[in-house]
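Worksheet: the structure to be examined is printed underneath.
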Amino acid sequence: MTDVTSQPTPAAPAAPDATLAAYRKSIDNFDAALIHILAERFRITQAVGAYKAQHALPPADPGREEAQIARLRALAEDAQLDPEFSEKFLRFIIDEVIRHHERAREG
Ligand SMILES: C=C(O[C@@H]1C=C(C(=O)O)C=C[C@H]1O)C(=O)O
């Protein structure tokens with residue numbers, strides 16, 4: 001017969017932790033703000049994509065990207081946010097924008 005007494009005791013349901021819950025409430029608000037900010041950014045870049053397609057402009061502008069990344073890295077350093085992370089985050093967004101612009105060009 002199996003010795004059930006040697007099994008680990010299942011974890012008790014976590015006690016409500018008011019401090020953690022308050023931090024998480026604030027995280028929830030920041031995450032919601034991030035989504036709204038991103039939605040607005042993509043709304044504008046969609047318009048840029050349509051404009052570029054109408055005027056036969058290239059989907060990507062590496063000079064503009066380089067300037068934006070340098071500006072954002074400096075802002076991140078000032079704000080004590082990891083500039084490497086900031087660059088990767090912006091690169092990820094810009095790459096998605098360029099994909100949208102390529103699609104807009106294809107019609
Ligand atoms: C939005 C533009 O298109 C692309 C996307 C960019 C961005 O998301 O910041 C920057 C440059 C372009 O490669 C633009 O040309 O301004």
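Numbering of ligands and ligand atoms starts at 1, following listing order.
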(request) Could you tell me the separation between the NZ atom of K52 and the CZ atom of R105, rounded to the nearest 0.5 Å? (result) 10.0 Å
Once you restrict both partners to nitrogen or oxygen, which atoms of ligand 1 have a protein partner under 3.5 Å, and how far apart are they?
{"residue": "ligand 1", "atom": "3 (O)", "partner": "K52", "partner atom": "NZ", "Å": "2.8"}
{"residue": "ligand 1", "atom": "8 (O)", "partner": "R41", "partner atom": "NH1", "Å": "2.9"}
{"residue": "ligand 1", "atom": "8 (O)", "partner": "R41", "partner atom": "NH2", "Å": "3.4"}
{"residue": "ligand 1", "atom": "9 (O)", "partner": "R41", "partner atom": "NH2", "Å": "2.8"}
{"residue": "ligand 1", "atom": "13 (O)", "partner": "D61", "partner atom": "N", "Å": "2.8"}
{"residue": "ligand 1", "atom": "13 (O)", "partner": "E65", "partner atom": "OE2", "Å": "2.4"}
{"residue": "ligand 1", "atom": "15 (O)", "partner": "K52", "partner atom": "NZ", "Å": "2.7"}

(message) Which Ile, Leu, Val, Met, Phe, Trp or Tyr residues join L34 in one cluster when any pair of side-chain heavy atoms under 4.5 Å counts as a link?
(response) none
(message) Do the side chains of E40 and R43 get close enough for a salt bridge, i.e. N-O under 4.0 angstrom?
(response) yes
(message) Listing request: all side-chain hydrogen bond (donor to acceptor under 3.5 Å, both in side chains) pairs with a residue in residues 58-80, at least two apart in sequence or in separate chains.
(response) E65-R91, Q68-R71, R73-E84, R73-E87
(request) Would you give the length of the straight line joining atom CG of L72 to atom CG of L90, rounded to the nearest 0.5 angstrom? (result) 5.0 Å
Going by atom type alone, with no hydrogens or angles, which donor-acceptor pairs under 3.5 Å involve a side-chain atom of residues 22-31 and a protein atom two or more places apart or on another chain?
none

